[in-house]
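Ligands are counted one by one from 1 in listed order, and the atoms in each one are counted from 1 as well. For reference, positions follow the sequence shown, starting with 1. These values consider heavy atoms only, across backbone and side chains, with no hydrogens, waters or symmetry-generated copies.
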Amino acid sequence: DTGSAAAVPIDPRFDIAYVTPVTIGTPPQTLQLDFDTGSSDLWVFSSHTPTSQIRGQEIYTPDKSTTSKLLDGHTWSITYGDGSASRGNVYTDNFTVGGLAVASQAIQCAQQVSSSFTTEESIDGLLGLGFSTLNTVNPASQLTFFDNAKSKLGSPVFTADLKNKQAGTYDFGFIDKAKYTGEITYVPVNPDPGYWTFTSSGYAVGSGNFSGSPITGIADTGTSLVYLPTAIVTAYYRQVQGATNSRNYGGYVFPCSATLPPFTFGVGETKFTIPASYMSYAPVTDGSSTCFGGLQSSSGIGVNIWGDVALKAAFVVFNGANPPTLGWATK
Ligand SMILES: O=C(NC1CCCCC1)N[C@H]1[C@H](O)[C@@H](N2CCCCC2)[C@@H]2OC[C@H]1O2
């Protein structure tokens with residue numbers, strides 16, 4: 001079997017996050033989920049979510065599905081790196097992504113979501129694509145959709161083809177040659193503690209020389225920006241007129257009119273260049289002429305993160321074989 005579904009930016013102006021349609025239950029209920037390789041919980045806004053915390057999101061109502069089953073006594077609670085959080089109870093039900101079906105997928109129903117989820121009206125929940133070891137369901141942790149689907153897939157892979165300000169694709173079970181150019185460079189993945197952790201072979205700022213120092217970090221579709229060591233980030237913003245590290249906005253900002261250099265990162269012998277246009281994330285507040293950078297420091301986080309700003313510049317294969325690897329190709 002295979003699956004293929006669109007990854008649609010939630011805002012036409014800035015690539016804050018991407019959502020992908022899924023169906024849950026019988027008859028199918030369609031929700032738009034944020035596919036997140038940086039976590040491993042599949043949770044949804046639901047009939048168990050207080051209405052005060054719902055603002056336009058689609059919800060899953062297990063009682064309306066003839067195939068839903070309560071996973072009795074199981075609960076979950078998750079907090080993300082940006083401080084957003086949710087918790088609730090668990091059902092199993094039929095679940096599909098782009099034609100790929102899993103019977104009895106654990107569906108974590110939110111009984112509480114934090115404000116940043118309530119205010120993000122176009123995200124109806126998350127679909128974790130990290131390793132199942134990160135799943136937070138107690139007392140028995142649950143498998144991700146990918147882990148449940150693996151046995152049905154011709155090849156135990158999924159691919160991310162995220163795009164700048166346009167819809168891309170998540171494919172499951174096959175590698176679409178039409179989506180990339182040249183060869184795919186595969187690199188080792190350390191699945192402990194549960195992220196798609198790999199080592200980049202270095203970086204360059206604009207037309208500057210390539211620095212071949214290894215950068216270990218995670219490939220995270222659920223994070224908008226790229227977070228790297230301070231030395232790399234300061235080298236980048238030294239090339240941006242008027243850039244400053246703003247305590248007020250919590251990162252590097254610059255005049256939206258500034259000329260930005262592109263940013264190149266290495267994977268094995270292959271080099272990926274993030275265009276300058278991807279390196280300006282969004283105005284710090286609506287209509288402001290001060291923009292927030294797409295590259296920020298990872299010093300406060302404890303891990304380097306290759307988020308959407310970087311992933312958009314490549315075709316990425318998440319290879320769930322044993323051992324797992326990551327494949328990177330230009331497009
Ligand atoms: O917390 C992170 N990443 C951290 C960012 C700071 C540095 C450490 C990693 N990712 C989350 C992301 O922000 C959430 N957000 C929801 C609202 C729209 C934008 C996406 C969404 O929910 C979980 C995951 O995706």
Original post:
Do other residues, nucleotides or ligands put more than 12 heavy atoms under 6.0 Å from K69 NZ?
Top reply: no
**OP:** Give the residue and atom name of whichever protein heavy atom lies nearest to atom 25 (O) of ligand 1, and the separation in Å to one decimal.
**Re:** G222 O, 3.0 Å
**OP:** Using a 4.0 Å heavy-atom threshold (strictly under), name the region of I305 that reaches ligand 1: side chain, backbone, both or neither.
**Re:** side chain
Original post:
What protein heavy atom sits nearest atom 6 (C) of ligand 1, and how far off is it?
Top reply: Y227 OH, 3.8 Å
Original post:
Quick one: nearest non-hydrogen protein atom to atom 16 (C) of ligand 1, plus distance?
Top reply: F117 CE2, 3.9 Å
Original post:
Take atom CD in E183; do more than 12 heavy atoms of anything else shown fall under 6.0 Å from it?
Top reply: no
**OP:** Find out whether the Lys NZ or Arg CZ of K271 is both under 6.0 angstrom from the six-membered ring centre of F265 and within 45° of the ring's axis.
**Re:** no
Original post:
Less than 4.5 Å apart, any side-chain heavy atom of Y236 and any of P261?
Top reply: yes
Original post:
Considering only the protein, which heavy-atom contact is closest to atom 21 (C) of ligand 1, and what is its distance?
Top reply: D34 OD2, 3.8 Å
Original post:
Which of the numbered atoms in ligand 1 are below 4.0 angstrom from a heavy atom of I123?
Top reply: 18 (C)
**OP:** Can you measure from OG1 (T136) to CG (D41) and round to the nearest 0.5 angstrom?
**Re:** 3.5 Å
**OP:** Considering the heavy atoms of Y80, write down every atom of ligand 1 situated less than 4.0 Å from one of them.
**Re:** 1 (O), 23 (C)
Subject >> Near-ring test W328/Y186, centroid separation under 6.0 angstrom >> reply: no
Subject >> For atom 7 (C) of ligand 1, closest protein heavy-atom neighbour >> reply: I301 CD1, 3.5 Å
Subject >> Closest contact, heavy atoms only, F45 versus L31 >> reply: O-CD2, 4.0 Å
Subject >> Atoms of ligand 1 close to G81 [distance to a heavy atom under 4.0 angstrom, numbered from 1] >> reply: 1 (O), 4 (C)
**OP:** Classify the contact between D82 and ligand 1 as side chain, backbone, both or neither, using a heavy-atom distance cut-off of under 4.0 Å.
**Re:** both
Subject >> Option set D11, D308, I16, criterion heavy-atom distance to atom 19 (C) of ligand 1, minimum >> reply: I16
Subject >> Nearest-neighbour protein heavy atom for atom 3 (N) of ligand 1, which is reported as residue plus atom name and distance >> reply: T223 OG1, 2.9 Å
Original post:
Do other residues, nucleotides or ligands put more than 12 heavy atoms under 6.0 Å from Y91 OH?
Top reply: yes
Original post:
Side-chain donor-acceptor pair under 3.5 Å between T75 and N138, yes or no?
Top reply: no
Original post:
Counting each atom of ligand 1 from 1 as listed, which ones have a heavy atom of L126 under 4.0 Å away?
Top reply: 22 (O), 23 (C)
